[in-house]
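Right, one structure below, let's go through it.
The structure displayed is predicted, hence computed values, not measured ones. When reading the values below, keep in mind they use all heavy atoms of this one structure, side chains included, and skip hydrogens, waters and symmetry mates. Lettering of chains follows the sequences in order, A, B, ..., and the numbering in each one begins at 1.
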Number of protein chains: 2
Amino acid sequence: MRNAEFDREKVLRCAMTAFMDKGYGKTSMQDLKAATGLHPGSIYCAFENKRGLLLAALEQYRLDRSIEFAAFFADERPALMQLKAYIDDLVQQCLSCDSSQACLLTKALNEMAEQDAEVQQIIANNLAAWQQALTQVFERAKSQGELTSGRDCEHLARYLAMGIYGLRTFAHTHPNAETLQALADQLYHDICA
Amino acid sequence: MRNAEFDREKVLRCAMTAFMDKGYGKTSMQDLKAATGLHPGSIYCAFENKRGLLLAALEQYRLDRSIEFAAFFADERPALMQLKAYIDDLVQQCLSCDSSQACLLTKALNEMAEQDAEVQQIIANNLAAWQQALTQVFERAKSQGELTSGRDCEHLARYLAMGIYGLRTFAHTHPNAETLQALADQLYHDICA
DNA sequence: GAATATCTTGAACGAACATTCAAAATACAA
DNA sequence: TTGTATTTTGAATGTTCGTTCAAGATATTC
């Protein structure tokens, strides 16, 4: 007998950032070995292959982001105020220079769309769950009188998701704090006013 | 003496679609040979290497899209009506299943950002030129009284660009005509109303 | 029509890749 | 401590990649 070896969560988060830095295709097993500290054999033993490591990393990413999201909307402030803080934090993420500026889901979606149907489905499901969580935020805002009752919360959530996708892409070419904040402010205004 | 046999523009457009289908990294020289009909030696003779072919394809893409853009805004209709037609056409592009649903610039930007500074700069310049063209559309709209004089045309162009980036990413997961059109309609409304 | 300059062809190359596997290391049970 | 089951290790494997280059093909020139 022999006990379990490495810290699975830590390994997955290292793999995550490696994939976000270089993309899935350009991240070699050597890169993953360097990033995770695991030798190829161990990776294959634990995750079957490189693609399996990506799938596990995507799942860990979903978990981490889910917890992070919940934390933003856990307090008792008005829903739209929480949303404003969430959006402003995204702007700050976009401004950072490390790999956290990327979103593993959209990065992998852009890279593997039309190439790996299963991965695409997993990513689409994760993004759909995120949009549903945004929908619930809007519904809470509506029930608290922050939004007029006529608004379509699902549509609002889709529009916000679209804006955030666009903001991230925009940030790749114009990592300018004022410009990004102005775009985020108008996005918030167009949705909530 | 002897002239080159192939049609450079046609070759570059074939390379374009190959890159848009698979991404730059996953498009092999064999794929490019199949797509363009050129043997490896000819490609290297004409474009130096695979990266040179990408650079040439990016330039051709810029040219093609520039002409396409001008055609949308060439007639005598009000600028905002032309813009509406332009956005609606983008929605139709997003709904198509072939590689034209992608934008070579954003696809390459997502794949190579932080990896190839020169390519990133070229793409950023192209996207900046596109935004400037959008700015001029808004300025024309303003001078024709379609927009109130207080609006910041550069900001409007950036916001529209952000929305279009987001719409394209969104389309990867929800290729649904009504949903995409509703998002595009609100984007147009938020900008022009 | 011969000479020549250029392009086309595709086999060959080393490098880098994901993956495998047998040997070495190690922790637990006895 | 000894035996054993499991993990860790990293060199070896076969494949695929971008790239090269010398031989063959062909248009142009004289």
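Ring centroids of B/Y165 and A/Y165 are separated by 6.0 Å or more, keeping the two rings apart.
Atom CG in A/L54 sits roughly 15 Å away from atom C1' in C/dA18 (whole-Å rounding). With rounding to whole Å, B/Q30 atom CD is found 14 Å from D/dT15 atom P. Regarding B/M29, its CE atom lies at a distance of 19 Å from the P atom of C/dC13, rounded to whole Å. Remark: C1' of D/dT19 and CG of B/L32 are 13 Å apart, rounded to the nearest angstrom. Rounded to a whole Å, the NZ atom of B/K50 is 4 Å from the P atom of D/dG18. Summarising the geometry, the separation between CZ on A/F6 and P on C/dA27 is reported as 16 Å, rounded to the nearest angstrom.
For A/K26 and B/Y24, the positive end is not near the middle of the six-membered ring at less than 6.0 Å and at most 45° from its axis.
Using a cut-off of 4.0 Å between Lys/Arg side-chain N and Asp/Glu carboxylate O, B/E9 and B/R13 are scored as salt-bridged. Ionic pairing of A/R62 and A/E59 is present here: one or more N-O contacts between side-chain nitrogen and carboxylate oxygen are shorter than 4.0 angstrom. Contact check on B/E154 versus B/R158 returns a salt bridge, with a Lys/Arg side-chain nitrogen under 4.0 Å from an Asp/Glu carboxylate oxygen. Salt bridge absent: A/K22 and B/E111 never bring a charged side-chain N and a carboxylate O closer than 4.0 Å.
Applying the salt bridge (Lys or Arg N to Asp or Glu O under 4.0 Å) test to every pair with at least one member in residues 72-98 of chain B, sequence neighbours left out, gives these pairs: B/D75-B/R77, B/K84-B/D88, B/K84-B/D185.
For the contact set between residues 12-28 of chain A and DNA chain C, defined by any heavy atom under 4.0 Å, the members are A/T27, A/S28. Listed in residue order, the members of residues 33-48 of chain B having a heavy atom less than 4.0 Å from DNA chain D are B/P40, B/G41, B/Y44.
For the pair B/M29/B/Y44, a side-chain contact is recorded, criterion being any heavy-atom separation below 4.5 Å from C-beta on.
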